[in-house]
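This report refers to the structure that appears directly beneath it.
Throughout, a chain's letter reflects where its sequence line sits, starting with A, and its residues are numbered from 1.
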Amino acid sequence: MGKEISRRTFLKVAAGAATASGLIPQVRRIALEPFVRPPEEELPGRATWFASTCRQCPAGCGIIVRVINGRARKIEGNPNHPLNHGKLCARGQAGLQVLYNPDRLHNAVRQSGGRGSRIFSPIPWSEALDELTAALQSLRDPQALAVLAGQPSDHLYTILASFLEVVGAPPAVIFDLHTALDGRAECASLSSRWFGEHQLPIYDLAHAQVVFSFGANLLETWMSPVAQSVAYGQMRQSRLGGRGVFVQFEPRLSATGASADEWIPVPPGTEGIIALALGRIIVEENLGRAGKHSDHAHLYRNVSVADAAQACGLPVEELRRLAHLFAETDRPLAIPGGQLTGHTNSKQAMDAVMALNVIMRRLGRHGGVFTPQPVPAERFASPAPTSNLTEILDLVERMRSGDIEIFLIHGANPIYELPAWVGFKEALEEVPLVISFSPFVDETAVQADLILPDHTYLEGWGYQVVSPGADRPIISGQQPVTQPLHDTRSTADILLSLASRLGGAVARALPWEDEAGFLEESSAQLHDNSISTYDARTPAGFWSLWRQHGGWWSKRAIKREPEAVGMPKGAMAVPAAAFQGDKGTYPFHLMPYSSLTLSDGRGANQPWLQEAPDPMTTARWNTWIEINPESARSLAIKDNDMVRVTSAYGSLQAAVVVYPGIRPDTVAIPTGQGHSDYGRFATTRGANVMDLLTPSPAEQGNKFAFCATRVRIEKVGQVKPLARLEDLDGEGRESIR
Amino acid sequence: MSDREHMAGDSDVPEGQIELSEEYRERLLLAQRTDAEINAAVLRPMMETGPKFWITVAILSAIILWGLYAWGYMIYWGMGTAGINNPVYWGLFIATFVFWVGISHAGTMISAVLRIFKADWRRPITRGAEAMTAFALLMAGLYPFIHLGRVWKFYWMLPYPNNRFMWPNFQSPLMWDMVAIFTYLIGSSLYLYLALIPDMAMARDHSVGWRYKLYRTLALGWRGTEGEWHKLHRALNIFSVIIIPVFLSVHSIVAWDFAITLQPRWHSTIFAPYFIMGAVYSGLAALATILVIVRKSMRLEEFLRREHFDALGKLVMVAGLGWIYFWFAGFIVEWYGNDPVTRELIHDEVAGKLAPLFWLQMTANILPVIFLAFRKIRTNPKWLLGFTLLINVGMYTERVLIVVGNMQRNYLPFDWGTYKPTWVEISIVAMTFAGFILLYILFSRIVPYVPVWEIKEGRLRYSLRRIGRLWVPTAAEID
Amino acid sequence: MAKAVRVSAKEKQDENRRRWGMVIDLDRCTGCQACVVACHAENNVPVVGEQEAARSHSMHWIRIERYWEGEYPNVKARFMPVLCQHCGEAPCEPVCPVFATYHTPEGLNAQVYNRCIGTRYCGSACPYKVRVFNWFRPDFPEPLEQQLNPDVSVRQRGIIEKCSFCVQRIRRVELDADASGREVEDGEVQPACVQSCPPSALIFGDLNDPESEASQLARSRRAFRLLDFLGTDPAVIYLKGGETNV
Amino acid sequence: MEDTKHLMGLFRDGTETAQVIDSLYELGMEDRQVTVMTGVPYPERSLGRHVEWLRLPNIVLAGALVGFFLGLFLAVITPHLYRLDIGGHPTVGFPPAAVITFVFTMMATIVSTFLGVLWEMNFPEFGPKHYDKRVTDGYLAVLVEHDPSEEGQVRKIFEQHGCDSIQRSERQPL
């Protein structure tokens with residue numbers, strides 16, 4: 001236990017644990033034991049806590065799970081974990097409802113009525129493995145094997161990558177909507193472009209004095225929201241006094257924007273233009289205490305503040321005020337991300353924002369931008385990348401043209417998550433054998449021949465190299481906290497069994513008996529490491545401490561100063577963002593945004609998350625569309641009116657929320673609802689905003705430009721009272737008329 | 001006969017030469033009848049039950065059975081099947097409860113207050129009024145049970161200690177409510193019953209079969225000896241004195257249920273008298289409604305006459321003026337105070353979502369007061385029926401506005417609410433209305449609706465006296 | 001427990017007695033709903049579904065109120081978590097006919113589920129509208145019932161429930177401290193909402209201990225109490241947003 | 001009692017009845033020997049009888065006192081048996097105690113009045129009694145309990161005052 005752990009958190013953990021040491025390592029194999037003959041660590045009625053990792057989003061927060069009588073009862077943040085410091089978000093808390101979800105698959109099934117029939121017949125695991133092995137053996141060309149995974153646990157990715165490499169198949173495509181809406185691929189590309197790093201940059205929010213966030217909803221879903229919220233709390237009210245200022249640039253006031261001191265409602269796609277204008281003013285007026293800006297003057301050579309002011313509809317004076325606010329402080333910080341990356345000009349816009357950090361000399365400084373220190377072991381050095389849209393479109397194309405014979409899908413639900421225009425479902429129909437590893441029957445699993453359900457994360461093993469990390473290298477360890485509820489099997493174990501069945505080079509490349517063996521071996525790579533927060537004499541002891549702590553991390557903060565080796569050399573320019581749909585026919589910009597509770601829809605089967613109100617609209621259990629009061633008035637629509645939202649590609653219906661915090665030319669729809677499959681809590685409610693997205697032409701770069709669609713709104717004449725926590729008669733105001 | 005002789009003897013009236021104006025003649029109408037004829041006139045409609053009666057009973061029973069089903073449904077599935085929600089924790093149930101408690105107030109008003117003031121016109125209508133009190137209270141008394149989330153634990157409110165010697169909380173206005181309503185129910189039922197004993201004896205003497213057995217039991221062996229009459233009189237006098245503070249306390253306590261909370265517009269000292277005034281207003285109006293209907297359906301025109309409608313109409317009008325006064329006295333203070341929540345509540349009522357209900361309430365409560373000022377309207381049964389029904393629509397609306405209207409708003413606009421009753425609530429409310437009517441019509445077939453002995457007693461006290469050219473009836477102050 | 005319950009007025013004035021309270025720093029609150037879900041998980045608060053949620057039958061013990069200020073484009077939204085304020089002079093307590101709610105010596109506004117008969121009078125009397133009623137039987141489709149916290153009872157239909165400041169956690173810490181013969185330390189008791197709150201907007205502690213973090217923050221000049229003018233003496237203290245302490 | 005007989009006379013007029021009673025007293029009858037039954041309550045003393053002294057007010061008063069103390073017990077004593085702090089209120093407050101005490105006083109008064117008057121009237125009493133059903137049709141019945149020797153005199157008095165019906169009265173079920 002490091003010094004960072006305050007006495008109280010230690011006591012708290014210790015109080016719940018049966019043994020003297022805080023956390024108990026989960027034993028590798030637990031025989032099914034009846035309650036009256038409890039396993040030796042179990043005392044009836046007494047809680048045991050197990051440390052593991054949250055897998056509700058890719059952030060990798062450490063959790064501790066309260067287990068009583070062999071059943072997980074409560075998930076809390078791991079107080080020792082340097083990423084989330086014992087805190088946990090709503091989605092993390094709801095993990096129990098993934099584990100105990102009544103709509104989980106209880107065993108491996110074959111869709112006996114054919115794909116999409118939803119008629120499943122259970123099959124024994126041996127048969128499933130036989131079939132899979134036979135299919136792989138009969139594969140004429142290993143290139144005909146394709147895998148799509150959604151941010152898998154890093155251990156699974158490593159095993160999967162080795163497996164695919166050794167059988168000669170193309171690497172897995174990694175996609176999920178949650179990280180797509182974060183702009184994770186864009187952020188990674190920015191990092192590698194500027195700093196030559198494949199890891200995401202770290203923004204030291206806690207110590208910044210002025211934070212300008214361009215589109216990143218960093219307190220909701222973006223990257224590592226718990227860590228960012230912890231930092232935000234410190235920025236706001238550090239115990240030493242002093243209060244950071246936070247300005248959010250986005251067309252729709254998000255919950256993050258609501259927490260900001262100022263919300264600048266910029267027109268969609270102009271965030272980068274504003275960043276450039278701010279930089280130009282700073283450089284031109286030589287603002288701030290960071291020295292002369294002449295080094296960077298050339299970047300802003302072609303920037304006209306007046307043009308920018310016009311483009312973003314703000315007076316020049318306002319831009320000057322913002323530039324002064326940003327520059328005339330010791331520790332400003334600019335953060336690009338989120339819906340900024342959903343525009344066609346995202347690359348240039350991200351550059352423009354990052355340039356603000358550079359001209360203010362914020363790289364590697366307290367309250368500035370850092371790059372993470374990699375974990376000092378080979379096994380953990382290359383965490384899973386995120387694929388961009390080109391790779392996905394390529395995969396779809398190969399599927400459509402019949403090049404793919406076996407398609408494996410794990411942890412992703414592309415039929416639901418990908419825009420309808422991608423045509424994933426149609427392409428999937430061309431694949432002869434589709435195997436899903438989803439624990440739930442989701443939209444994609446319904447199109448599979450076999451479903452070989454994985455454990456949920458509370459029943460399975462794994463680890464996650466935290467990225468974007470905190471101030472130090474972290475591996476969040478994942479271990480089973482309870483017996484598997486059903487006859488499910490870890491996908492990593494399936495791959496390992498496949499390898500041994502295939503034999504030869506494959507078996508040699510993947511020699512582990514099971515995933516736990518792989519993990520134990522991996523952990524040994526960090527044994528005797530000098531920066532480790534704990535150490536043990538033997539690798540076995542180290543592995544035990546690993547599980548007890550819930551992973552591995554450095555005992556002290558290691559921050560690396562990024563070198564802006566790849567920053568733009570010449571004058572920067574941000575082109576106007578392109579939008580799909582004629583402005584006359586489709587007068588509104590559509591902003592899909594990641595739901596705080598349901599995220600990209602994976603939370604929709606968890607009733608706690610469905611029932612937790614959206615912080616801004618307080619709506620629950622459904623989809624809505626947010627419209628500026630003025631626009632609503634001109635369309636003669638009121639709260640709860642059903643409207644048809646039509647884009648050039650598709651249309652959907654949703655109830656209206658008249659929303660004071662959105663531009664009059666923009667409407668916003670949260671993701672997450674509109675499931676056709678995915679269990680009783682998720683289905684029959686709302687609509688999927690992804691159905692509306694209109695493809696960007698290829699010449700605009702194959703980006704996932706999710707903010708580039710224009711729509712029109714028509715009243716359909718029905719009223720659908722949304723389950724809002726707030727009473728509409730109160731008009732959302734605290735003071736009464 | 002005996003009374004005619006009285007008149008003749010005392011006043012020397014030349015037979016056949018009296019020119020009485022209509023209003024005076026009306027009062028002497030019964031003087032023309034013998035006691036036996038009066039008995040027969042009262043008993044006949046009791047015994048006759050035509051198909052209309054049974055159809056009515058069948059319909060009412062059906063409504064009651066449906067209401068019981070709705071109640072069972074609500075108990076089984078939970079209170080959420082009703083429209084009440086957070087923050088409108090009390091809805092139609094409590095509004096109707098207050099309404100029934102209000103209706104119950106006229107019976108005592110008529111029989112106790114008027115008995116004390118020796119207002120002789122009360123005599124034929126006292127029993128109908130007292131029965132109304134008892135049955136309205138029975139219906140009101142159902143609501144605390146209906147309203148309980150765990151009705152199967154209702155007995156935890158009874159004043160007895162639990163196994164840890166913890167008694168109920170007597171600081172809770174609900175405890176006051178419970179004991180006060182129970183007291184009033186006992187008081188009004190016993191009062192009704194005491195005055196019924198001589199008439200039970202009368203009915204006993206004129207009936208056979210099951211009725212004879214029933215009346216004989218209820219008459220308790222009454223013979224009408226002097227001693228019995230004397231004791232009965234004393235008891236009734238004591239009762240009429242005691243029941244008045246009880247009736248004042250019951251509706252005050254109902255008002256305090258609301259007034260002791262911090263809810264704006266409820267938290268008001270005028271609530272208790274305002275509720276009492278409203279109760280008297282709605283109760284008297286309901287009594288007039290019932291009398292008009294009973295008079296017609298039981299052919300009691302001889303007993304329930306224009307003089308009663310006239311007097312009752314005046315009382316209703318006075319109570320209505322009182323209600324308007326108290327309403328205004330509360331309103332002006334609330335309006336002037338301009339507290340934000342109160343302002344919002346007033347706005348919501350006067351011009352907001354509740355405006356239709358509010359203006360219905362005001363119209364239905366004020367319009368009759370104006371019209372009842374005219375004797376022709378007061379004494380016309382049809383008009384009277386219409387206006388008194390309107391008053392009760394208005395008073396019911398008022399209860400709904402007080403309970404629901406206020407609970408929809410509070411200090412935190414985020415937590416305001418909207419209330420819409422469901423079929424469950426409507427069925428249960430309908431059940432109590434049907435239950436009241438059913439009990440009432442069964443009652444009117446089983447006991448003499450008109451208190452015969454009181455009428456006969458009243459006749460004793462009248463005589464004619466000549467004043468100038470006029471012969472006027474005068475009443476003796478005998479006790 | 002009986003000992004803790006039977007307390008004379010004199011004992012109550014004992015200065016050493018704890019008064020549990022919560023400080024809510026509105027400047028830190030981001031409206032993220034972590035506390036809401038944590039509370040559902042810890043206290044077995046049922047989920048009612050879309051239809052009933054739309055009828056205001058939802059049962060959150062803590063809710064985050066969102067208030068708008070100004071009009072577009074100068075619009076701001078503020079978050080305010082509202083939970084039972086554990087009033088010192090609680091309007092909900094004296095109105096209960098069966099003593100189902102009372103004030104514990106440690107300043108908690110306790111709700112005795114077993115005693116409640118569901119008059120909902122307390123809910124009507126509460127100016128903060130934080131008392132929630134079990135409108136229906138709680139429904140946990142199998143195997144969701146396995147998520148239930150065994151330390152907290154599952155409530156029957158027809159009774160009132162509300163935030164208890166996670167009394168089961170308070171008791172556990174107190175018992176453990178008693179067992180090892182030490183005092184309960186500041187910050188040792190953390191209700192589920194406080195425990196989860198990512199920006200640490202919620203701080204729990206003994207308001208009668210001048211050294212506790214909560215009581216120190218409660219003395220901040222940013223401090224205010226919700227509807228303080230009603231004189232209910234809440235144990236929840238809010239810190240105004242948008243300002244510093246100094 | 002076997003040597004007394006009962007004679008009942010039915011009259012139509014109150015004044016005549018009063019005179020009959022006077023005459024009976026002149027005959028030496030005692031108060032308890034004469035019973036008057038009417039269908040209508042005649043004012044006290046109008047028939048020339050003595051007025052009984054009633055215990056009813058005392059019963060009522062006693063009932064009121066019992067109710068008062070019961071109310072006081074519930075409102076003032078019971079909260080001390082299991083003391084709970086509610087809303088900062090004192091364990092016993094005057095206003096709630098006043099309401100409870102008042103209501104219980106009233107309840108007991110009402111009940112004691114009712115029970116008291118039944119007790120005074122000796123009710124319920126369903127045994128056979130001297131009675132004539134015509135009483136409720138307006139007749140005033142005078143029931144005289146007399147020695148067999150006095151029968152003639154009583155009959156004479158009855159007849160003198162226009163008695164409608166004179167009959168030997170036997171106890172009969174009501």
Notebook entry, point to check: Is it the backbone or the side chain of A:Met235 that comes under 4.5 Å from a heavy atom of chain C, or both, or neither?
Noted result: neither

Notebook entry, point to check: Salt bridge check: are A:Arg252 and A:Glu626 linked by an N-O gap of less than 4.0 Å?
Noted result: yes

Item checked: Rounded distance [0.5 Å steps], SG in C:Cys32 versus CG in A:Leu219 -> 8.5 Å

Check: Are C:Trp68 and A:Tyr659 close enough that their ring centers fall under 6.0 Å?
Finding: yes

Notebook entry, point to check: Counting only heavy atoms not in C:Gln51, do more than 12 sit closer than 6.0 Å to its CD atom?
Noted result: no

Margin query: Quick check on A:Glu611 against chain C: is it the side chain, the backbone, both or neither that has a heavy atom closer than 4.5 Å?
Written below: both

Notebook entry, point to check: Any idea which of C:Ile64, C:Val37, C:Val45 has the most non-hydrogen atom pairs under 4.5 angstrom with chain A?
Noted result: C:Val37

Check: Side chain, backbone, both or neither: which part of A:Asp727 has a heavy atom under 4.5 Å from chain C?
Finding: neither

Margin query: Tell me which of these, A:His85, A:Gln610, A:Gln228, A:Arg685, has more heavy-atom pairs under 4.5 Å with chain C than the rest.
Written below: A:Arg685

Item checked: Salt-bridge contact A:Arg620-A:Asp614 (side-chain N to carboxylate O under 4.0 Å) -> no

Check: Do you know which of A:Cys89, A:Pro265, A:Ala231 has the most heavy-atom pairs with chain C at a distance under 4.5 angstrom?
Finding: A:Pro265

Check: Quick one: what part of C:Val194 sits under 4.5 Å from any heavy atom of chain A, side chain, backbone, both or neither?
Finding: backbone

Check: Measuring from A:Gln93:CD to C:Ser196:OG, what's the distance to the nearest 0.5 Å?
Finding: 5.0 Å

Check: Side chain, backbone, both or neither: which part of C:Cys29 has a heavy atom under 4.5 Å from chain A?
Finding: backbone

Item checked: Heavy-atom contact with chain A under 4.5 Å, split by part of C:Glu69 -> backbone

Margin query: Counting only non-hydrogen atoms closer than 4.5 Å, does A:Ala72 touch chain C with its backbone (N, CA, C, O), its side chain (CB onward), both, or neither?
Written below: backbone

Note to self: If I measure from the heavy atoms of chain A, does C:Glu142 come under 4.5 Å with its side chain, its backbone, both, or neither?
What the structure shows: backbone

Notebook entry, point to check: Rounded to the nearest 0.5 Å, how far apart are CG of C:Asp206 and CD of C:Glu211?
Noted result: 11.5 Å

Next item on the list: Considering only NZ, NE, NH1 and NH2 on the basic side and carboxylate oxygens on the acidic side, decide whether C:Glu50 and A:Lys720 come within less than 4.0 Å.
Entry: yes

Check: Measuring heavy-atom distances to chain C, does A:Gln97 have an atom under 4.5 Å in its side chain, in its backbone, in both, or in neither?
Finding: both

Item checked: Heavy-atom contact with chain C under 4.5 Å, split by part of A:Ile662 -> backbone

Checklist line | Top of A:Pro613, A:Pro721, A:Gly661, A:Gly730 for chain C proximity - count of heavy-atom pairs under 4.5 angstrom | finding: A:Pro613

Check: Of the listed residues (A:Ser259, A:Ala260, A:Ala258, A:Gly732), which shares the most heavy-atom pairs with chain C below a 4.5 Å separation?
Finding: A:Gly732

Notebook entry, point to check: What part of C:Val189 lies closer than 4.5 angstrom to a heavy atom of chain A: side chain, backbone, both or neither?
Noted result: neither

Next item on the list: Measure A:Arg663 against the heavy atoms of chain C and call it side chain, backbone, both or neither at under 4.5 Å.
Entry: both

Next item on the list: Answer yes or no for C:Arg66 and C:Phe79: cation-pi contact, defined as NZ/CZ to six-membered ring centre under 6.0 Å and angle to ring axis within 45°.
Entry: no

Next item on the list: Establish, for the pair C:Arg155 and C:Tyr113, whether the NZ or CZ atom is under 6.0 angstrom from the six-membered ring centre and no further than 45 degrees off its axis.
Entry: yes

Next item on the list: Check each atom of A:Leu725 against the heavy atoms of chain C and say whether the ones under 4.5 Å are side chain, backbone, both or neither.
Entry: side chain

Check: Does atom CD of A:Glu630 have more than 12 heavy-atom neighbours, drawn from other residues, nucleotides or ligands, at distances under 6.0 Å?
Finding: no

Next item on the list: Starting at CG of C:Leu148, measure out to CZ of A:Arg73 and round the result to the nearest 0.5 Å.
Entry: 7.0 Å

Checklist line | Heavy-atom proximity to chain A below 4.5 Å, by part of C:Ser56 | finding: neither

Note to self: Can you tell me which portion of C:His60 sits under 4.5 Å from chain A's heavy atoms? Options are side chain, backbone, both or neither.
What the structure shows: side chain

Notebook entry, point to check: Tell me, side chain or backbone of A:Pro660 under 4.5 Å from chain C's heavy atoms, or both, or neither?
Noted result: both

Next item on the list: Give the member of C:Val36, C:Val75, C:Thr30 that has the highest number of heavy-atom pairs under 4.5 Å with chain A.
Entry: C:Thr30

Next item on the list: Could you tell me which of A:Gly86, A:Ala619, A:Ser229 has the largest number of non-hydrogen atom pairs under 4.5 Å with chain C?
Entry: A:Ser229

Checklist line | Heavy-atom contact with chain A under 4.5 Å, split by part of C:Ala41 | finding: both

Margin query: Does any backbone or side-chain atom of C:Arg78 lie under 4.5 Å from a heavy atom of chain A? Answer side chain, backbone, both or neither.
Written below: side chain

Check: Which residue out of C:Pro150, C:Pro73, C:Gly49, C:Gly31 racks up the most heavy-atom pairs below 4.5 Å with chain A?
Finding: C:Gly49

Checklist line | A:Arg91, part contacting chain C, at a heavy-atom distance under 4.5 Å | finding: neither

Margin query: side-chain contact (heavy atoms from CB on, under 4.5 Å) for A:Thr617 and A:Val657? Distances and angles first, verdict last.
Written below: CA-CA 7 Å; A:Thr617 62; A:Val657 168; 3.8 Å; yes

Notebook entry, point to check: For the candidates A:Glu220, A:Glu734, A:Glu262, which exhibits the highest count of non-hydrogen atom pairs separated by less than 4.5 Å from chain C?
Noted result: A:Glu734

Next item on the list: Please round to the nearest 0.5 Å and tell me the distance separating atom OG1 of C:Thr232 and atom OH of C:Tyr128.
Entry: 3.0 Å

Checklist line | Top contributor to chain A contacts, counting heavy-atom pairs under 4.5 Å, from C:Ala77, C:Pro143, C:Ala54, C:Pro141 | finding: C:Pro143

Next item on the list: For the pair C:Arg182 and C:Glu188, find out whether any cationic side-chain nitrogen is under 4.0 Å from an anionic carboxylate oxygen.
Entry: yes

Note to self: C:Tyr238 vs C:Gln85, test: side chain to side chain donor-acceptor pair (under 3.5 Å). Steps then yes/no.
What the structure shows: CA-CA 11 Å; C:Tyr238 291 86; C:Gln85 307 282 309; 3.3 Å; yes

Next item on the list: Calculate, to the nearest 0.5 Å, the distance between atoms CD and CZ belonging to C:Glu213 and C:Phe204 respectively.
Entry: 13.0 Å

